[in-house]
Amino acid sequence: MLNDKLGNWTRTHRCGDLTAAQIGEEVCVMGWAQRRRDHGGLIFIDLRDREGVVQLALDPDRDPTSHQKAEQVRNEFVLAARGKVSPRPEGTVNPKMKTGEVEIEISELLILNRSETPPFMLDEFTEVAENIRLKYRYLDLRRPALQKNMLMRHLVAKTVRNYFDSQGFIEVETPVLTKSTPEGARDYLVPSRVNTGSFYALPQSPQLFKQLLMVSGFDRYFQIVKCFRDEDLRADRQPEFTQIDCEMSFVNRAQVMDIMEGMVAKVFKVALDVDLTLPMPRLSYAEALDRFGVDNPDLRFGMELIDITQQVAGSQFKVFSSVAASDGLVKALNVKGGATFSRKELDDLTDFAKIYGAKGMAWVKVTEAGWQSPIAKFFTEDELTALNEKLAAEVGDLLLFMADTSAIANEALGRLRGHLGQKLGLASKDNYQFTWVTDFPLLEWDAEQRRHVAVHHPFTAPLEEDIPYLDTDPGKARAQAYDLVLNGSEIGGGSIRIHDQAVQSRMFELLGIGAEEAREKFGFLLDALDFGAPPHGGIAFGLDRLMMILAGTDSIRDVIAFPKTQKATCLLSDAPNEVDDKQLQELGVRLRTKQQ
RNA sequence: GGGGCUGUAGUAGAGUUGGUUACAACAACGGCCUGUCACGCCGUAGGUCGCGGGUUCAAGUCCCGUCAGCCCCGCCA
């Protein structure tokens with residue numbers, strides 16, 4: 001059957017926008033049939049567009065032609081309808097719908113297109129397995145939840161652009177086909193046909209180009225830009241993702257952080273109508289690790305880590321005292337009211353800690369009769385008193401202990417803290433607690449590669465007072481870096497950059513990148529720094545992670561229109577796919593066989 | 001590279017100790033119905049139990065392998 005033609009019909013309203021204010025108006029709406037209710041005589045159709053749903057009423061007595069057409073309508077047919085907005089008869093108002101006070105009395109109906117029966121209902125109620133949703137992503141995107149997320153993402157991007165514009169930033173595009181560089185994540189490579197045997201890399205970030213823009217005098221740059229990292233996926237990680245990237249000249253750390261707080265506050269106001277308190281708290285890396293065990297602490301709840309290494313150093317409990325003697329850490333958490341945890345729950349917590357390298361976990365239930373714990377017997381009265389005091393232990397509390405190297409004790413107990421915060425409902429989704437984390441180490445020792453690697457990236461400037469350490473004790477040098485952490489998630493990170501060619505060369509040297517390699521890989525940057533590079537610094541925010549928190553979802557796929565699966569494939573387009581041998585030949589690329 | 005969870009009509013699920021023809025719901029299709037709104041009523045159709053192998057008289061169910069989706073560790077300057 002032929003579809004109706006749109007002709008010169010013009011939409012006057014979006015479905016979801018019709019309210020009592022339009023009563024009496026002749027309107028024209030277009031959208032998808034969400035559901036048809038056929039009463040034999042009267043037919044109701046819920047028509048949906050991105051703003052919502054409105055009820056069309058088709059009365060055979062008013063217009064038999066459109067009523068007849070309405071009998072053919074099935075789910076997801078594309079309709080255009082003209083009619084009068086009317087108040088619903090008494091007793092038939094639907095308070096659950098935004099448009100529930102009105103309906104459109106249809107005088108003319110067009111079936112613009114038909115639809116196969118969709119593989120799943122496109123309403124807000126039906127739950128569908130994610131692989132099915134991803135295969136039919138264009139249908140899933142038609143549903144209210146994803147429509148809402150994508151509309152919000154647009155609003156956030158618009159707000160970011162307006163804010164940066166108002167602060168004198170300009171958006172400049174940087175290359176997507178660029179140069180592979182050592183350090184950092186695995187690159188996505190693109191073979192060059194014109195230069196057989198050579199490859200471009202897709203950018204992990206526009207880092208070098210934005211620094212060059214500072215050398216070029218643009219002063220304040222930003223870009224909302226795709227970045228690519230060929231690493232394994234997580235619930236909050238996709239191989240291609242979007243950064244809000246920016247860079248400023250003639251600024252120090254505090255000035256960068258101030259401007260960025262303003263941007264984040266604007267975004268929260270526009271997207272959620274939430275007023276943030278500025279300035280945001282600032283924690284040093286050392287303090288974050290000491291108090292929370294991780295460099296991305298969730299500040300929605302307390303339950304801080306407590307260092308009890310001193311208190312147990314002399315105890316009979318060898319697991320603790322030996323760690324204390326070997327420069328490790330013994331730390332504890334006081335889970336208020338946690339004495340009700342079952343043995344199974346405690347075992348589960350232990351298993352959780354083991355994921356992060358912990359060898360075990362000691363626990364204590366604080367009861368009226370004292371410590372109920374497998375390890376209670378190892379401690380003297382004095383030691384118990386000291387520990388109870390240090391941990392502010394009260395009857396009903398659960399104390400969890402971790403003894404290990406400082407790295408493992410901190411991470412395992414810190415993760416356990418985050419896990420317990422979720423489990424105990426201490427981390428409400430609509431509570432937004434920010435903190436900056438600063439003074440990261442500049443370098444860390446990579447035992448496998450037997451060299452220092454940059455904690456942030458190789459262009460990060462050391463704290464001015466720590467520059468002497470570069471020659472004496474590089475591991476001790478701290479960086480002029482800063483991460484913005486929201487509810488335990490790192491949503492942004494940046495630094496003041498090195499603008500001095502000599503310092504940059506020294507940095508490469510420390511990273512074990514020889515002068516020749518540095519010249520080959522980064523020569524263009526080193527050259528640029530020699531031509532009057534201004535002091536500069538910047539930051540990049542992960543737009544997808546920010547959107548996850550704004551949208552209140554646990555999956556990055558819910559804020560990306562066309563996301564990849566965990567194996568980095570696209571179930572919709574079937575990418576990546578094999579290509580014709582002819583294409584490979586043109587590129588000068590030959591596939592290795594499995595045996596090789 | 002490693003650990004874990006899941007896979008049964010189009011969809012989301014039930015299926016007990018291995019035992020008759022694999023269930024009911026929603027969706028679909030046909031019919032009835034003039035105030036429903038996740039409409040209602042009657043009827044019809046719809047299955048490679050992810051795939052492959054094994055054990056068994058007998059496998060959706062037990063075992064092995066494999067594929068896919070998800071979560072995590074490693075990885076992610």
Side-chain angles (χ1 to χ4, degrees), chain A residues 34-47 53-62 67 74-76 86 88-97 99-100 103 105 115-136 139 181-187 204-205 207-208 227-239 241 351-352 354-358 411-412 415 419 440 442-444 446 448-449 452-460 479 481 490 493-495 507-508 511 513 540 542 554-557 564-567 569 571:
Chain A
Q34 170 138 309
R35 213 178 274 274
R36 181 182 62 121
R37 290 177 294 280
D38 186 342
H39 289 255
L42 209 53
I43 294 177
F44 297 107
I45 293 173
D46 290 338
L47 194 71
V53 174
V54 71
Q55 172 165 286
L56 313 182
L58 293 114
D59 189 332
D61 302 334
R62 186 167 47 242
H67 182 267
R74 295 293 180 273
N75 284 353
E76 300 312 315
S86 308
R88 295 201 188 177
E90 191 143 354
T92 64
V93 166
N94 184 350
K96 283 184 285 187
M97 291 174 74
T99 62
E103 63 190 10
E105 292 179 351
S115 172
E116 293 291 322
T117 301
F120 49 88
M121 281 291 291
L122 303 189
D123 57 26
E124 59 206 289
F125 308 103
T126 310
E127 285 189 26
V128 187
E130 194 163 13
N131 55 341
I132 309 279
R133 291 172 47 200
L134 288 172
K135 179 174 175 186
Y136 299 98
L139 296 181
T181 53
E183 302 291 299
R186 200 176 288 114
D187 283 323
Q204 297 177 28
S205 82
Q207 183 61 35
L208 294 174
C227 301
F228 306 87
R229 295 179 189 175
D230 186 5
E231 299 292 349
D232 288 341
L233 292 84
R234 287 288 187 280
D236 63 351
R237 235 160 66 189
Q238 287 265 309
F241 62 100
D351 288 343
F352 181 87
K354 283 179 177 170
I355 295 172
Y356 301 97
E411 170 150 41
R415 299 284 194 159
H419 179 68
F440 284 81
L442 185 66
L443 302 164
E444 74 188 338
D446 184 321
E448 202 175 305
Q449 299 184 54
H452 282 105
V453 295
V455 168
H456 187 51
H457 58 50
F459 319 106
T460 297
E490 182 205 318
S495 61
M507 186 69 178
F508 286 139
L511 295 170
I513 300 172
D554 292 325
S555 170
I556 195 171
R557 295 178 298 281
K564 304 270 188 295
T565 68
Q566 192 171 53
K567 283 192 70 188
T569 67
L571 295 181

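None of these values were measured; they are calculated from a predicted model. Convention: sequence-line order gives letters A, B, ...; per-chain numbering from 1.
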Taking any heavy-atom pair under 4.0 Å as a contact, classify [X]: base, sugar-phosphate, or nothing.
X        : value
A:Val128 : sugar-phosphate
A:Val455 : sugar-phosphate
A:Pro458 : base
A:Ser555 : nothing
A:Ala57  : nothing

Proximity to the side chain of [X] - top-ranked nucleotide from [options]:
X        : options                : answer
A:Leu42  : B:rC37, B:rG69, B:rU34 : B:rU34
A:Pro60  : B:rA38, B:rU34, B:rC73 : B:rU34
A:Ala185 : B:rC33, B:rC76, B:rC39 : B:rC76
A:Ile132 : B:rC76, B:rC37, B:rA12 : B:rA12
A:Glu103 : B:rU36, B:rA27, B:rC37 : B:rU36
A:Arg237 : B:rG69, B:rC70, B:rG74 : B:rG74
A:Ile355 : B:rG35, B:rC73, B:rC29 : B:rC73

Donor-acceptor pair under 3.5 Å, [X] side chain vs [N] base:
X        : N      : value
A:Asp232 : B:rG74 : yes
A:Arg229 : B:rC76 : no
A:Gln55  : B:rU36 : yes

When you measure from the side-chain N and O atoms of [X] to the phosphate of [N], is any distance below 4.0 Å, counting only OP1 and OP2?
X        : N      : value
A:Gln204 : B:rC76 : no
A:Arg88  : B:rG35 : no
A:Thr117 : B:rA27 : no
A:Arg37  : B:rU36 : no
A:Lys96  : B:rA38 : yes
A:Thr569 : B:rG69 : yes
A:Arg557 : B:rC71 : yes
A:Arg234 : B:rC73 : yes
A:Lys567 : B:rA68 : yes
A:Asn75  : B:rA28 : yes

Got a second to check how far [X]'s [atom1] is from [Y]'s [atom2], nearest 0.5 Å?
X        : Y        : atom1 : atom2 : result
A:Gln204 : A:Glu183 : CD    : CD    : 10.0 Å
A:Ile556 : A:Asp236 : CD1   : CG    : 6.5 Å
A:His457 : A:Ser495 : NE2   : OG    : 4.0 Å

Any strand counts, and the cut-off is 3.5 Å on both contacts for Watson-Crick or G-U wobble. Which nucleotide pairs with B:rG40?
B:rC32

Under 3.5 Å for both donor-acceptor distances, Watson-Crick or wobble: does B:rC70 have a partner, and if so which one?
B:rG4

If the [atom1] atom of [N] is compared with that of [M], how far apart are they to the nearest Å?
N      : M      : atom1 : answer
B:rA68 : B:rG31 : P     : 44 Å
B:rG4  : B:rG10 : P     : 31 Å
B:rC39 : B:rC26 : P     : 11 Å
B:rU17 : B:rC70 : P     : 32 Å
B:rU8  : B:rG46 : C1'   : 14 Å

Ion pair present between A:Asp46 and A:Arg36, side-chain N to carboxylate O less than 4.0 angstrom?
no

What closest approach, in Å, do A:Arg557 and A:Lys564 show between heavy atoms, and which atom pair accounts for it?
CD-O, 3.7 Å

If we count only N and O atoms by modelled type, under 3.5 Å, do the side chains of A:Arg37 and A:Gln55 hold a donor and an acceptor together?
yes

For A:Arg186, is there any backbone N or O sitting under 3.5 Å from a side-chain donor or acceptor partner on A:Glu231?
yes

Report yes if the ring of A:Phe120 lies under 5.5 Å from the six-membered base ring of B:rA27 with planes under 30°, and no otherwise.
no

Is the aromatic ring of A:Phe44 within stacking range of B:rU36, meaning centres under 5.5 angstrom and planes under 30 degrees?
yes

Let me spell it out: for each of A:Leu134 and A:Pro89, pick the nucleotide of RNA chain B with the closest heavy atom. Which residue's pick is nearer the 5' end?
A:Pro89

Does the side chain of A:Ile132 reach to within under 4.5 Å of the side chain of A:Phe120, using non-hydrogen atoms?
yes

